[in-house]
Amino acid sequence: MARNPVTWLGVPAFPEAAHEALADSQLRRNLRHATHTIRDKRTRVVSEVPDWEELRRAGEVIKDDVLANLDTYLERLEAAVTARGGVVHWARDAAEANEIVLRLVREAGTDEVVKVKSMATAEIGLNEALEAGGVTAVETDLAELIVQLGHDRPSHILVPAIHRNRAEIRDIFRREMPGAPADLPAEPRALAEAARKHLRQKFLTAKVAVSGANFAVADTGSIMVVESEGNGRMCLTLPETLITVMGLEKLVPSWRDLEVFLQLLPRSSTAERMNPYTSVWTGVTPGDGPREFHLVLLDNGRTQTLADPVGRQALRCIRCSACLNVCPVYERTGGQAYGSVYPGPIGAILTPQLVADPHDKQAASLPYASSLCGACFEVCPVRIDIPEVLTHLRAKTVAAKPKTSPEKLAMTALGKVFHDPRKYEAAQKAGSLARYLVPGGKITKLPWPGSLWTDSRDAPLPARESFRTWWRNNRG
Amino acid sequence: MTVRVALFATCLGDTLFPETCKAVLRLLERLGCEVDFPLSQTCCGQMHFNTGYRDETVPLARRLGESFAGYDAVVAPSGSCAAMVRDIYPKLLDSDLPGRMYELSEFLVDVLGVTDVGAYFPHRVTYHPTCHSLRMLGVGERPLKLLRAVRGLDLVELPAAESCCGFGGTFALKNSETSTAMLGDKMRYVLDTGAEVLTAGDNSCLMHIGGGLSRLRAGVRTVHLADILASTEEEPWLATR
Ligand code: SF4
């Protein structure tokens, strides 16, 4: 089986990957500024909605119903799309999905496609697969375009170029964008204008567009994309052929359900009351928009994730990225340290499940990339209990470890001490002897793995007399 | 009717911070409780659970339930251990302990119905809410109400108070550098307040932040909320460690 491209080849486990980002003080400052700005704004616009908690619960319930009856809804969606002149394709994994898209592009007789920003196509590495097949994919979302032109990797779900500042973007445009003025200033307006000129010509000539989907309505077969720039809408209307790659779980049963998500999503993601561009299409309409519509339904680890009663809640995710913006770990390391198109808290629980290999060291390190502070759960619009899934996945990682791993031996031994109050008190007494060895009342240097603590923090010494010993002597 | 209270010292409190446990004892007895410390208690298993050692957690959880059988209420001077029992135990085993487990400030405000515990602590203090108290237990304003009623205490607000200090149990070791970066920001905010004392309802977070402040020789002490509330004019808190 081909490697699942949801994680990037060659990225080390999270602690090592984070090392570089942590040393980059400019990156950390950029990230802190960006995440705090959106976080504060989100808090404000969410507090305007009196029934926010009910909306979250409604979002949770609708998505859980979809997940529990996924087969029924998917068949309903397929029938509705087909009835309206669309063609539905089923893809088990990334390789199959990429093959389908490449074949469709070739059949349309072109070697260039325009793309609407989409996590699903990033997850399967579609751009790379198309390129290998001789097809150029042009990203039309501004931030996505910056990442693409910079031969870079995304670092955020919503703002993939969040780690780049204006000057860097200017340099990328000057270097990589044909026709970009040599004296292009590092001004947001000028940069946007350059991108607009570049993209306009692409929109007008493209024969095929590829999109993802934010939502699909099972009853009617309608597909919805929400965006802020309007570039997606150009792709969805101008080309002759439209190919949508959609994760199996992006369904809602009916139009009525959209009401909930169209309130939850914009406030959670961009901290806007309403998102600027909402595009919906249903099959094909003669004389209007694309003449051909293909829907590729992507599994790529999803049905396997669905089989896990705790882990499956990750499939409720509507990719709003609110959890990234509040995560203290993401704030310090940025998204690339997660080594996956899904960074931050959702990446930490979704990526390992899609990879579905407990021996993959990089993926297995992701559920540990959290202090379990719970800020992600608090903001998640569909109430994914991310800390719960994190500890659940950690347990899976531990189960896959050999019995002789040093950590496992230590944890088992410690468990035994904790389980026996006599051994426990004896260990306390042995520990308090350390006081005679260490001057100054605190520990400033320990050998590894204690050094992981004492490299930056002093550690307290065990008390001269534990509380239980004191109690026994004075109160017992 | 007196409430029969069991003190849950937590492994960290019992071993490293016995003075805080004694403070809880003094405080609860001052408020008229009959306090016991069942010696069969050890650890709630949070570290094992959070690191992924679920099989090792269940016997610890069962043992804790047995230790505290028969008490009306169990009080822990730790938001994270109380949250472990209350939020996680129901997912692991059938036990009635979660319904009787209280974090100290909850017990004082909700069960005993007091906010002024008659404490005296003449210092400039700032309060860190700690993630598990804040989000898992939802203790909210309770600790602040208790602190505001302390005579002599000058309470100053901590900027970005709700952000995690970076401890997270084994996270501090497994992702030591990220943890240190989080700690760095937390310390900066603590120093910005000009407080002499940082307090919280959990010695684990205080041990982390205090360990960093001590390394900086920053001259800010970390003192558990229980130590502050137990301090009176007759028996004032003394820096013992
Ligand atoms: S997990 Fe929740 S908060 Fe995070 S991106 Fe998904 S829906 Fe948004």
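Throughout, a chain's letter reflects where its sequence line sits, starting with A, and its residues are numbered from 1.
Ranked by heavy-atom pairs under 4.5 Å with chain A, the list B:T20, B:T130, B:L173 is led by B:L173. Between chain B and the residues A:L390, A:L393, A:T454, A:T333, the most heavy-atom pairs under 4.5 angstrom are made by A:T454. Residue with the most contacts toward chain B among A:H392, A:E331, A:R394: A:R394 (heavy-atom pairs, distance under 4.5 Å). The candidate from A:T469, A:D455, A:T444, A:D458 with the greatest count of non-hydrogen atom pairs under 4.5 Å with chain B is A:D458. No other option in B:E56, B:M136, B:H132, B:R54 has as many heavy-atom pairs under 4.5 Å with chain A as B:R54. Listed options B:L7, B:L25, B:D87 were ranked by heavy-atom pairs under 4.5 angstrom with chain A; first place goes to B:L25. When A:R475, A:K442, A:E388 are compared by the number of non-hydrogen pairs under 4.5 Å with chain B, A:R475 comes out ahead.
In this structure, chain B has heavy atoms under 4.5 Å from both the backbone and the side chain of A:P328. For chain A, the nearby parts of B:D36 are the backbone and the side chain; heavy atoms of each come within less than 4.5 Å. Neither the backbone nor the side chain of A:N474 has a heavy atom closer than 4.5 Å to any heavy atom of chain B. Heavy atoms closer than 4.5 Å to chain B are found in both the backbone and the side chain of A:W453.
At a heavy-atom separation below 4.5 angstrom, chain B is approached by A:M411, A:T412, A:L414, A:G415, A:F418, A:H419, A:P421, A:Y424, A:Q428 within residues 410-432 of chain A. Interface residues of residues 57-64 of chain B toward chain A, defined by a heavy-atom distance below 4.5 Å and sorted by number: B:P59, B:L60, B:R63. Residue-level contacts of residues 20-44 of chain A with chain B, in order of numbering, are A:L22, A:R28, A:R32; threshold 4.5 Å between heavy atoms. Taking 4.5 Å as the heavy-atom cut-off, the residues of residues 400-408 of chain A that approach chain B are A:K401, A:E407, A:K408, ordered by number.
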